[in-house]
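Notes follow the structure.
The basis for the numbers below is simple: all heavy atoms, side chains too, and nothing from hydrogens, waters or symmetry mates.
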Amino acid sequence: MQTPEHRQRLSVVCPVNNERENLPTLFTELRHALDQTTLAWEIVFVDDGSSDGSAETIRTFCQEDTRVRAIFLSRNFGHEAAATAGIDHACGDAVVLMDADLQDPPSLIPALVEKWREGYDIVCAQRVRRSKESAFKRASAYIFYRMMTRLVGWNLPADTGNFRLMNRLAVEAFQDCPERNRFVRALVAWTGFRQATVPFDRPPRKAGHSKYRMWHMCALALTSLTSFSVAPLRIATAIGLLVVPFATLTVLGIVIGRLLGAPVPVNVVVVVSIWFFGGLQCLLVGIAGEYIGRIYIETQRRPVYVVRERLGGHPREKTHQ
Ligand code: UDP
Ligand code: MG
């Protein structure tokens, strides 16, 4: 039996954006689950610019329990930035990252810890069934995870969100990644440490509404694809290589047809070609532009998030601020 001084510490990081109705249940369930692990623990709430009173609720948790720490960001920086802020401030030997809307059930934490004790560096909660999620969300998630694994060449476990445990080694490797545009789950997988998965049934959110509309999901997919792969640039090159001979042959066909006196409707061919190549160029410029935009953002080297206030101390030095 370990003495309390030698007990390992677990940090739970929860990014919060307008989750006031979910927070009391989350806090109760979290404390219950964490007490089952026999680990020393802390909870790090990151208030990501909430406007519904979530910040006040988090303050009361800090007063009620000294094991709760809180970071209040100066405005809404987005889920991935808020998660990064929480990970930067977590002190544990292992860090669990989870959503605050009870879609990531705290009762799964002991199972994640169990796998960590077996020696895994990263333990991902893997959804087996996505209750009540739209067919679009399920289909897009299915395609996304399989496409990413194919394109980047390392394993992004399918059907895992941000709900995962990372040991200190994985956390530090994650913190060494300097990029501004952060897609946490892919960066964590990229570190290459030993990963395990624990299956769970993902319930619908308890209250409030999802901040991820279709457009946000597409933007996130684009961020992750362009962060980890230059395949779209290569696809653009391949399209160009295919289209140039095709266009050359078409022109040759028209010329030969005219020389042989065949009735070639030149106007139609010209109009269709202009549309086709015009569209193609827009697509290729767009792909190149996406990468240029990312280079621009990275060269600005702005902090990933800005902290307005911290409660419960700020013991770690390495941050993305
Ligand atoms: N979240 C955040 N900042 C944002 C959007 C979301 O911190 O700008 C938090 C949110 O409070 C929740 C988690 O990120 O704890 C996941 O958000 P959401 O449930 O809206 O995403 P979904 O589960 O629909 O993918
Ligand atoms: Mg959710």
Inspect the contact between [Y] and [X] and indicate whether a charged nitrogen and a carboxylate oxygen are less than 4.0 angstrom apart.
X	Y	answer
R31	E64	yes
D99	R202	yes
R205	E19	yes

Is there a donor-acceptor pair closer than 3.5 Å between any side-chain N or O of [X] and the backbone N or O of [Y]?
X	Y	value
E42	A90	no
R294	E290	no
D52	R20	yes
S11	G92	yes
H320	A85	no
Q126	T160	no
T37	L34	yes
R180	E298	no
R7	T38	yes

Got [X] and [Y] here, is their nearest side-chain heavy-atom distance under 4.5 Å?
X	Y	answer
V13	V96	no
W116	Q8	yes
E179	I297	no
L30	M98	yes
C14	L26	yes
I87	V171	yes
D88	Q175	yes
L225	M147	yes

Decide side-chain contact (heavy atoms from CB on, under 4.5 Å) for N167 and I122; before the verdict, give the C-alpha distance in whole Å, the side-chain angles of both, and the deciding distance to 0.1 Å. CA-CA 6 Å; N167 67 5; I122 301 165; 5.7 Å; no
Walk me through it: do S51 and N18 pass the test side-chain contact (heavy atoms from CB on, under 4.5 Å)? CA-CA 6 Å; S51 55; N18 295 341; 3.6 Å; yes
Give the minimum heavy-atom separation between [X] and [Y], together with the two atoms involved.
X	Y	value
S107	P110	O-CD, 3.3 Å
L233	A288	CD2-CA, 4.1 Å
D101	N22	CA-ND2, 3.6 Å
A196	K115	CB-CD, 3.9 Å
C124	Q195	SG-OE1, 3.8 Å
G49	N17	O-ND2, 3.9 Å

Side-chain heavy atoms under 4.5 angstrom apart, residues restricted to Ile, Leu, Val, Met, Phe, Trp, Tyr: same cluster for [X] and [Y]?
X	Y	value
L222	I235	no
L73	V306	yes
F276	I287	yes
F277	I239	yes

Hey, could you give me the [atom1]/[atom2] distance between [X] and [Y], rounded to the nearest 0.5 Å?
X	Y	atom1	atom2	result
L108	L112	CG	CG	4.5 Å
T84	F174	OG1	CZ	4.0 Å
E80	D48	CD	CG	10.5 Å
D104	R164	CG	CZ	10.5 Å
M166	L97	CE	CG	5.0 Å
S50	L23	OG	CG	8.0 Å

Would you say the rings of F163 and F200 are close, in the sense that their centroids are separated by under 6.0 Å?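 For F200 and F163, the ring centres are under 6.0 Å apart.
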Test item: side-chain donor near acceptor, Y305 and R75, under 3.5 Å: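 Looking only at side-chain atoms, R75 and Y305 do not form any donor-acceptor pair under 3.5 Å.
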Neighbour count above 12 (heavy atom, 6.0 Å) for [X] [atom1]:
X	atom1	result
R308	CZ	yes
Y291	OH	yes
R234	CZ	no

Where do T250 and F246 land on the side-chain contact (heavy atoms from CB on, under 4.5 Å) test, with the steps shown first? CA-CA 6 Å; T250 311; F246 170 76; 4.2 Å; yes
What is the ring orientation for F61 with F27, classed by angle as parallel under 30°, tilted 30 to 60°, or perpendicular over 60°?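 Parallel.
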In a check of side chain to side chain contact (heavy atoms under 4.5 Å, CB included) between L311 and each of R59, Q63, R69, which one passes?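 Only one of R59, Q63, R69 forms a side chain to side chain contact (heavy atoms under 4.5 Å, CB included) with L311, namely R59.
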So R67 and W41, side-chain contact (heavy atoms from CB on, under 4.5 Å) or not? Walk me through it. CA-CA 7 Å; R67 293 169 296 183; W41 56 261; 3.1 Å; yes
